Protein chains: 2
Amino acid sequence: MKKNGKIEKVSEKTIGRLSLYRRAMDKLAKEGRDFAFSHEIAHMSGATPDQVRRDIMVLGYSGSPNRGYSVAELSKSIGEFLDDLDVQKVVLVGVGNLGRAILSYFTGKRPKLSIIACFDNDTEKTGRVINGCRCYPMSQLQDVINENSASIAIMAVPFSASQEVADRLTHSGIKGILNFTPVSIKVPHGIHVEDIDMTMALEKVAFYSRQKPQGQLLERRTNDKAGH
Amino acid sequence: MKKNGKIEKVSEKTIGRLSLYRRAMDKLAKEGRDFAFSHEIAHMSGATPDQVRRDIMVLGYSGSPNRGYSVAELSKSIGEFLDDLDVQKVVLVGVGNLGRAILSYFTGKRPKLSIIACFDNDTEKTGRVINGCRCYPMSQLQDVINENSASIAIMAVPFSASQEVADRLTHSGIKGILNFTPVSIKVPHGIHVEDIDMTMALEKVAFYSRQKPQGQLLERRTNDKAGH
DNA sequence: TCATATTCGTGACATCTTTCACATTGTGTA
DNA sequence: TACACAATGTGAAAGATGTCACGAATATGA
Ligand SMILES: NC(=O)c1ccc[n+]([C@@H]2O[C@H](COP(=O)([O-])OP(=O)(O)OC[C@H]3O[C@@H](n4cnc5c(N)ncnc54)[C@H](O)[C@@H]3O)[C@@H](O)[C@H]2O)c1
Ligand SMILES: NC(=O)c1ccc[n+]([C@@H]2O[C@H](COP(=O)([O-])OP(=O)(O)OC[C@H]3O[C@@H](n4cnc5c(N)ncnc54)[C@H](O)[C@@H]3O)[C@@H](O)[C@H]2O)c1
């Protein structure tokens, strides 16, 4: 996205952090702040000032020395980079415990992302409006997706249905999937899948939270070279 | 974890994938499989065979050429590496939509991780058993954590309470936090925090699922050196 | 028993990501 | 207007992670 024609590869990590920076900007905007320094953004986003500045480079937007970044302009720049021009339509498949939580959470969270329908194969759930979202039977998956040009799906079905649902979604024209099931789904080339694996995350926490008292040394910021 | 005394740094990514491999092993075990090849494990876990073999190296466990890895032994090896000897006790703070989904999901999922209590500041929820988990008022946070030697916490409170709850958890002796709130919490050195940020994940999917038709080139395996 | 096909283990290499360090440049001040 | 400051932008080094490639090991079947 550099000024010159050269196409620069933007790392996936950077994409993620830009989303975080924008959220930070929106928070600062609510507080009435007009400018923010890279170190403030870093602090709010769990990054480093260096990283923040480097990430922002890809936007083509520049802050000003000694004043930092304009909160409004940075948020706008990130939006121009991350968001589509149109609203992107999202569907959710699997309206169970997790699916309902997600529905209640995401509704209206981001102006450019709209959950327009949800699907389930349980007739108790279909035909109703759940957490503000109309629930359709699976038989209408393809039609609803096509009629609304939905391009994104959130999967919260039982793991046993995971691959089958993924197949139906991609056949229906879905271009990206946020996958909450603990299964590595196979999709055609060009479809983006983002996995959220809570069990893995919890096991990571468990691993790092034990053996700390006398365990191996982790990241440090001390200046005394490892305690002798 | 090399055979010689040298402590080898194990990457965080590897820790995560080992958790995935174990899940794959447990699945294969259920299917009655005795051995698995690195490429099978890779396929099930969304990794590459190289990665799988390299990750498994840190365990000190070896498969056998032409037969692969013993499903039972690999699972056991991963357990010895990842798990604590004792069961690690987990508490959950914030029994809202997401908190309840998590409770219903994690209960009994991993034998070495047990959610022993949950907490909320809503008197409608405290004093009851929710999804099989006793819910305490926040005033009892420290006592319950100490009495049970809980070392891990899952945070699913509103973002506004995020930092305050994190502070109370670390003061109570919690060593690791799985943070679902969209806030970068600050914790004392040595406490591990794992963030799950669904909004960021969804925005990443949204980014990669648009502009694909004629967008910039993503991962490739071409041999023509990018257009000059 | 020996040749063959297959898979593992791992050093070396390639790539991706972060951090360092410093010249650059607006900003506020005298 | 000129000066000092504080933060930015960015090459380059360092570090982390992923991939390649090949020797070693092992099951299989002639
Ligand atoms: N609940 C959590 O906190 C949590 C955490 C991590 C992962 N997950 C994963 O998320 C998924 C859903 O979890 P949950 O707790 O909401 O489960 P759940 O059983 O409460 O919900 C699953 C929903 O999917 C529906 N469903 C089943 N088969 C379907 C099909 N073929 N097509 C469409 N819908 C179908 C069911 O009717 C149900 O409404 C699971 O894969 C689970 O592993 C959940
Ligand atoms: N629901 C989702 O799918 C989802 C997705 C992503 C992130 N999150 C995040 O997870 C958190 C919880 O989301 P939710 O949808 O479950 O919200 P929720 O409002 O349904 O639940 C929040 C719970 O926390 C309790 N609570 C409030 N203040 C508290 C305090 N100071 N101490 C202890 N408990 C307190 C409330 O009584 C309530 O039970 C939020 O930070 C949200 O941003 C939720």
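Predicted, not measured: the structure shown is a model, and the values here were computed from it. Below, read A as the first sequence line, B as the second, and so on, with proteins coming before strands; counting in each chain starts at 1.
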In terms of side-chain geometry, is the basic nitrogen of B:Arg110 or B:Asp26 positioned less than 4.0 Å from the acidic oxygen of its partner?
yes
Within residues 19-41 of chain B, the residues having a heavy atom closer than 4.0 Å to DNA chain D are none
Residues of residues 63-74 of chain A with a heavy atom under 4.0 Å from any atom of DNA chain C, listed by number, are A:Ser64, A:Pro65, A:Asn66, A:Arg67
Residues of residues 43-56 of chain B with a heavy atom under 4.0 Å from any atom of DNA chain C, listed by number, are B:Arg53, B:Arg54
One should read off an interatomic distance between B:Arg23 CZ and A:Ser184 OG, to the nearest 0.5 angstrom, of 10.0 Å
Value for CE (A:Met57) from CG (A:Leu59), rounded to nearest 0.5 Å, stands at 10.5 Å
Quiz item: Cation-pi between B:Lys109 and B:Tyr105: NZ/CZ under 6.0 Å from ring centre and within 45° of the ring axis?
Solution: yes
Review point. Taking A:Asp50 for the side chain and A:Arg54 for the main chain, is one N or O donor matched with an acceptor at less than 3.5 Å?
Key: no
Exercise for review: May I ask you to decide if B:Gln88's main-chain N or O and B:Lys112's side chain share a donor-acceptor pair within less than 3.5 Å?
Suggested key: no
Do any side-chain nitrogens or oxygens of A:Ser11 fall under 4.0 Å of OP1 or OP2 in C:dC16? no
Show me the donor-acceptor pairs, under 3.5 Å and distance only, between side chains in residues 61-69 of chain B and residues at least two apart or in other chains.
from    : atom 1 : to      : atom 2 : distance (Å)
B:Tyr61 : OH     : B:Ser70 : N      : 3.2
B:Tyr61 : OH     : B:Glu73 : OE1    : 3.4

Between CE of B:Met57 and C1' of D:dG18 the distance, given in whole Å, is 14 Å
Separation of C:dT18 atom P from B:Glu12 atom CD, nearest Å, is 12 Å
Side-chain donor/acceptor pairs under 3.5 Å, residues 29-36 of chain A, sequence neighbours excluded:
from    : atom 1 : to      : atom 2 : distance (Å)
A:Arg33 : NE     : A:Phe35 : O      : 3.4
A:Arg33 : NH1    : A:Glu40 : OE2    : 3.4
A:Arg33 : NH2    : A:Phe35 : O      : 2.8
A:Arg33 : NH2    : A:Glu40 : OE1    : 3.1
A:Arg33 : NH2    : A:Glu40 : OE2    : 3.1

Donor-acceptor contacts, no H, no angles, side chain residues 149-166 of chain A, under 3.5 Å, sequence neighbours left out:
from     : atom 1 : to       : atom 2 : distance (Å)
A:Ser162 : OG     : A:Thr181 : OG1    : 2.5
A:Gln163 : OE1    : A:Lys186 : N      : 2.8
A:Gln163 : NE2    : A:Asp167 : OD1    : 2.8
A:Gln163 : NE2    : A:Lys186 : O      : 2.9

message: Are there over 12 heavy-atom neighbours, none belonging to B:His43, within less than 6.0 Å of that residue's NE2?
response: no
